[in-house]
Undergrad: 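Got a structure for you, written out below as structure tokens; questions coming shortly.
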Amino acid sequence: MLEASQLECVRGDRRLFAGVSFRLEGGELLNLQGKNGAGKTSLLRMLVGLAQPVAGEIAWRGVAIRKLAEDYRAELCYMGHHNAIKEELTPLENLLASARLAGEPLSDEQALEALYAVGLGGREELQAKYLSQGQKRRVALARLIHERRALWVLDEPFVALDVAAVDMVAGLIGAHLQRGGLAVMTTHQAVNIPAGAVREYRLGA
Amino acid sequence: MLSLFFAIVGRDLKLALRRQADLVSALFFFIIVVSLFPLGVGPEMDMLRKMAPGILWVAALLATMLTLPRLFGDDYRDGTLEQLVLAPQPLPVTVLGKMAAHWLTSGLPLTLLAPVLGLQFDLSAEGLMVLTLALLVGTPSLSAIGAIGAALTLGLRGGGVLVSLLVLPLYIPVLIFGAGAVDAAVSGLGFEAHLSLLGALLAGSLFFAPWATAAALKISLE
């Protein structure tokens, strides 16, 4: 379903990688490996269409993502380095706003349920600036609870999370794969995804 | 698409209300700059009356400039902008929502304050009315044009200065026709033509600026 062929990335005047090709089907997770600066984040940004490859092509269901544009973005959930949450808003408001802006509004009950599921129960009315790093990350990850889009692209989803939260997110990814979803992620942690086929790809080997 | 527009406006207004210091500081800047002129120039009514339209408009331009770096800056830093760009809706609609929210929190308050400040310059009732009207039609163009500059300078060091250099020249037509309208009204001439031209500028900038801004945002994010 997701196919990358001969991708090349240049940052400044350095070539980060070239000739990156892979193919991902429903129920599969691609775990990108590579040392710092190998271009993992750059590759993820290419896969979601935020950056353009110097050479090569990315196709979704056989069609180039540049041509699909909005149709591709409607099947995509991207979580980057930043949490994309607003310090002045409460976790509940953040979750409701990000869901509305992504074009898939949640009801108040659904949002509350998601916040309880990520362990933020009782803190939904507290402005996000009073939360710890890990709790902020949990607010961002709460989006995944009701996310049913086919392709998840996650950049270091486990950063700042405690052990229990890492297991919880791994469970979410597993459930997503079991529903036939695809996922691409980077992580430096050894994580056990409970379901689905996990494939590894090493950048700059 | 319309719901996305209102979602953006609603969220930005809520954020602006939680972060009132930003909103109030631009307004105070406007008040202080405008009030410095009568103090500096002295109480010569004729001179003040002549200078009033220009001073009020220039101060409004500068106050708007002050708020531009924040238009996309916060969203850029916390990653929200990436999410907005990746939302399955046309980016220009999102951008239009950001512009609308920006105007509601900068242009509109300036417009409402201007007649009060105009009293310091002994403007006639008609002059004050035309000043308000001209700002009402002109300030949305400032938000729209400014958004292009804000998007282009996103993530650059010293972006604040750069945005002024980029955007202030583009504000010149709005300044000329805006101040011209008030001038014409004060000297008893017809001001309708100036207002029509401001309206034309607004229509043009509302049509073109969202596309240009969307393109600039994509470049800045890459």
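Every chain is numbered from 1 and lettered A, B, ... according to where its sequence line falls, protein lines coming before strand lines.
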Undergrad: Counting distance only, does the side-chain N/O of A:Arg199 pair as donor-acceptor with the main-chain N or O of A:Leu30 below 3.5 Å?
TA: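 Looks like no, no N/O pair under 3.5 Å.
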Undergrad: Shorter than 4.5 Å, heavy atoms on both sides: which option in A:Glu93, A:Met46, A:Glu87, A:Lys86 has the most such pairs with chain B?
TA: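 Heavy-atom pairs under 4.5 Å are most numerous for A:Lys86.
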Undergrad: Closer than 3.5 angstrom, by distance alone: can the side chain of A:Thr186 be matched with the main-chain N or O of A:Glu156 as a donor-acceptor pair?
TA: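 Yes, A:Thr186 side chain to A:Glu156 backbone: donor-acceptor pair under 3.5 Å.
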Undergrad: Can you tell me how far apart CG (B:Asp78) and CD (B:Gln83) are? Round to the nearest 0.5 Å.
TA: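 The distance works out to 10.0 Å.
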Undergrad: Between A:Ala51, A:Ala97, A:Gly103, which residue shows the highest count of heavy-atom pairs closer than 4.5 Å to chain B?
TA: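 Of A:Ala51, A:Ala97, A:Gly103, A:Ala51 has the most heavy-atom pairs under 4.5 Å with chain B.
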Undergrad: Tell me which one of A:Arg138, A:Arg137, A:Lys136 satisfies side chain to side chain donor-acceptor pair (under 3.5 Å) with A:Asn83.
TA: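 It is A:Arg137; the other options fail the test.
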Undergrad: Heavy-atom pairs under 4.5 Å with chain A - which of B:Leu4, B:Val85, B:Thr80, B:Leu86 has more of them than the others?
TA: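 Sorted descending by pairs with chain A, the first entry is B:Leu86.
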Undergrad: Please look at B:Leu221 and chain A and tell me whether the side chain, the backbone, both or neither of the residue comes under 4.5 angstrom of a heavy atom of that chain.
TA: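 Contact with chain A is through both the backbone and side chain of B:Leu221.
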Undergrad: If you count heavy-atom pairs under 4.5 Å with chain A, which of B:Leu81, B:Asp75, B:Thr94 comes out on top?
TA: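 Of the candidates given, the most pairs with chain A belong to B:Asp75.
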Undergrad: Heavy atoms only, distances under 4.5 angstrom: which of A:Glu104, A:Arg100, A:Gln52, A:Glu88 has the most pairs with chain B? Name it, please.
TA: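 Greatest number of close heavy-atom pairs with chain B: A:Glu88.
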Undergrad: Checking heavy atoms, do the side chain of A:Ile85, its backbone, both or neither come under 4.5 Å from chain B?
TA: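 For A:Ile85, the backbone is the part near chain B, not the side chain.
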Undergrad: Answer yes when A:Glu57 and A:Arg66 have at least one side-chain N-carboxylate O distance shorter than 4.0 Å, and no when they do not.
TA: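 Salt bridge flag = yes for A:Arg66 with A:Glu57.
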Undergrad: State, without any angle test, whether A:Glu147 and A:Trp152 hold a side-chain donor-acceptor pair at a distance under 3.5 Å.
TA: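 No, A:Trp152 and A:Glu147 have no side-chain donor paired with an acceptor closer than 3.5 Å.
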